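First comes the structure, then the notes that go with it.
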Amino acid sequence: MDLRAETFQENRPRLYGIAYRMLGSRADAEDVLQDAYLRWHQTDPSRIDVPQAWLTTTLTRLCIDRLRAARTERTNYVGPWLPEPLIDENFPPPERESELASDLSMAFLVVLERLTPEERAAFLLREVFDCDFSEIARILGKNEANCRQIVHRAREHVHRDRPKFQVSDAARKRLLEKFVAALHAENHDAMLALFAEDATWTSDGGGKTKAARKVIHGAEHVARFAIGVSRRYLSRTTHRVLPINGESGLLMYLDGSPIAAISIDSDGERILAVYTVVNPDKLKSITATHGA
C-alpha cells in the first residue's frame, strides 16, 4: 500500500463516521468516500498541507452536495424516510466524549433530517467531531461568525426536538422485552402502559412492503397499531435484542429472515417514539451472523 493510500485508510473511520451521520445511508456514505478517495489521488500532493483537514473538507462538501440531491429524492419517497440501520457494529466513536447522548441513534439522526445540509454539517463537525470554528468556516466557505450562528441555530433545533434523557441500556432492554411480551400476549393494556401519552410510531417501508404511510401519534393509536400489525404473523416471528445504531433495539424475523429493525426513544420509564425500518432494501446489510 502506498503512502497516500495508507493515509486515506488511517482517516477512513473518521470520514465514514461523518458521512453516515450526514447521509444516514451506507451506500451514500460509501459513494462519497469513494469519490473523496479518487479526488485524493488526483490532487497534487504539494497542494495539500494537512491531509486530515483536506480529506475532511472534501468529504464534507461531497456530503452536503449529496444530501441536497437526496432531499429532492426523499420528497418522492413513499411514506416516512428513516436512516438505514447499523446492526450490532463497532462504529467509529466521535473525536471526544460528546455531550450528545447516542449521536448515532435513530432518534438523533431523525432530528438531524430537519436541519439544512449546511446546518447538519456544521453541527456534526462542532458537536460530535470537535472541529474548531475556523476549520468549519474553511470547510463551508463562510466566516467564523456565520458558522457560530449556524451551529447555535442547529443546536437549538436539536435540543428542542430531542430533549436529553440519560437512559441506561438495561432500562432500554427492559422496555423492549416488555414490548415483545405484550405483543405475544396481545395485551393491549400492557402495551398501552409502555408508551408516553404523546408517543409516536414511524414506519419506513419505502413502498416496498406494507407499512404505515404517516407517523402514528398518541399512545392509544400506537398500542393498537403495534398489536394489529403483528397479530397476523405472530406465530412465525422471532426476535433478538441487539445494538442498532449504538443502542439496544429489536431485530424481528419472519420464518428466520429479518423483516424489521426497531429502535426506540425513551425517558427510561416510557417509550417516547418507535422507529421501524421494514424497507427490505435497508435490511440487506444484515448478514447471517444476525440470524434468528
Side-chain angles (χ1 to χ4, degrees), residues 12-13 15-38 59 62-63 65-67 69-92 102-110 112-113 176 180 183 201-213 215 226 229-230 232-234 236-265 273-292:
R12 193 181 192 284
L15 297 174
Y16 187 71
I18 294 170
Y20 176 78
R21 288 174 175 88
M22 278 290 292
L23 303 173
S25 163
R26 284 171 174 269
D28 287 348
E30 291 291 351
D31 283 348
V32 295
L33 251 72
Q34 181 63 23
D35 199 350
Y37 182 78
L38 292 174
L59 186 281
L62 288 169
C63 284
D65 291 342
R66 181 69 190 95
L67 191 56
R71 294 225 160 166
T72 301
E73 296 167 7
R74 290 171 192 175
T75 59
N76 298 319
Y77 195 79
V78 179
W81 184 93
L82 290 174
E84 180 182 356
L86 297 174
I87 308 294
D88 192 22
E89 296 190 21
N90 294 317
F91 202 87
S102 306
D103 60 73
L104 267 177
S105 72
M106 195 67 67
F108 178 72
L109 295 178
V110 166
L112 293 188
E113 282 293 305
L176 290 169
V180 171
L183 276 184
W201 183 297
T202 305
S203 303
D204 179 346
K208 305 293 179 68
T209 188
K210 288 185 178 180
R213 296 197 176 188
V215 177
V229 296
S230 66
R232 184 177 176 184
Y233 304 106
L234 200 57
R236 297 162 54 197
T237 59
T238 54
H239 79 279
R240 288 183 64 195
V241 175
L242 77 177
I244 298 178
N245 283 66
E247 296 181 339
S248 289
L250 284 175
L251 195 55
M252 305 295 292
Y253 303 84
L254 178 64
D255 298 331
S257 297
I259 57 165
I262 301 176
S263 303
I264 62 171
D265 197 17
V274 179
Y275 303 98
T276 306
V277 177
V278 293
N279 183 339
D281 291 344
K282 295 185 178 183
L283 301 176
K284 287 179 179 178
S285 62
I286 299 173
T287 66
T289 59
H290 303 117

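All of these numbers come straight from a predicted model, not from anything done at the bench.
Counting heavy atoms from C-beta outward, L33 and L59 have side chains that approach closer than 4.5 Å. Between R12 and Y37, every side-chain heavy-atom pair lies at or beyond the 4.5 Å cut-off. Y20 is listed as a side-chain neighbour of L104, based on a closest heavy-atom distance under 4.5 Å. By the 4.5 Å heavy-atom criterion applied to side chains, R66 and D35 are not counted as neighbours.
Taking both residues in full, the closest heavy atoms of A261 and P85 are given as CB-CG, 3.9 Å, listed atom of the first, atom of the second, then distance. The two residues A36 and L62 have their closest heavy-atom pair at N-CD1, 3.7 Å. Between L109 and P83, the closest heavy-atom pair is CB-CG, 3.7 Å. In plain terms, the two heavy atoms of G205 and V278 that are nearest each other are CA-CG2, 3.7 Å. Across all non-hydrogen atoms, the minimal contact from A27 to E84 is N-OE1, 4.1 Å. In terms of heavy-atom proximity, A29 sits nearest to L23 at N-CD1, 4.0 Å.
For T202, the side-chain contact (heavy atoms from CB on, under 4.5 Å) partners at least two apart in sequence or on another chain are P80, L82, V215, Y275. For R71, there are no salt bridge (charged side-chain N to carboxylate O under 4.0 Å, His left out) partners at least two apart in sequence or on another chain. With sequence neighbours excluded, the residues satisfying side-chain contact (heavy atoms from CB on, under 4.5 Å) with S248 are D169, R172, K173, L176, V241. Partners of R213 by salt bridge (charged side-chain N to carboxylate O under 4.0 Å, His left out), not counting sequence neighbours: none found. Take K208 and apply the side-chain contact (heavy atoms from CB on, under 4.5 Å) test, not counting sequence neighbours, and it matches N279, P280, D281. Among residues two or more places apart in sequence or in another chain, the side-chain contact (heavy atoms from CB on, under 4.5 Å) test is passed with V180 by H184, H239, L250.
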Take W81 and K282 through the side-chain contact (heavy atoms from CB on, under 4.5 Å) test and state the conclusion after the steps.
CA-CA 11 Å; W81 184 93; K282 295 185 178 183; 3.3 Å; yes
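Rounding to the nearest 0.5 Å places CG of L242 at 5.5 Å from CD1 of I244. Within the model, atoms OH of Y253 and CG of L283 stand 10.5 Å from one another, a figure rounded to the nearest 0.5 Å. Going from atom OG of S105 over to atom CG of L86 covers 11.5 Å, rounded to the nearest 0.5 Å. Residue R236 holds its CZ atom at 4.0 Å from CG of D255, rounded to the nearest 0.5 Å. Remark: M22 CE to Y16 OH distance equals 14.5 Å, nearest 0.5 Å. The CZ atom of R240 sits 10.0 Å away from atom CD1 of I87, with the distance rounded to the nearest 0.5 Å.
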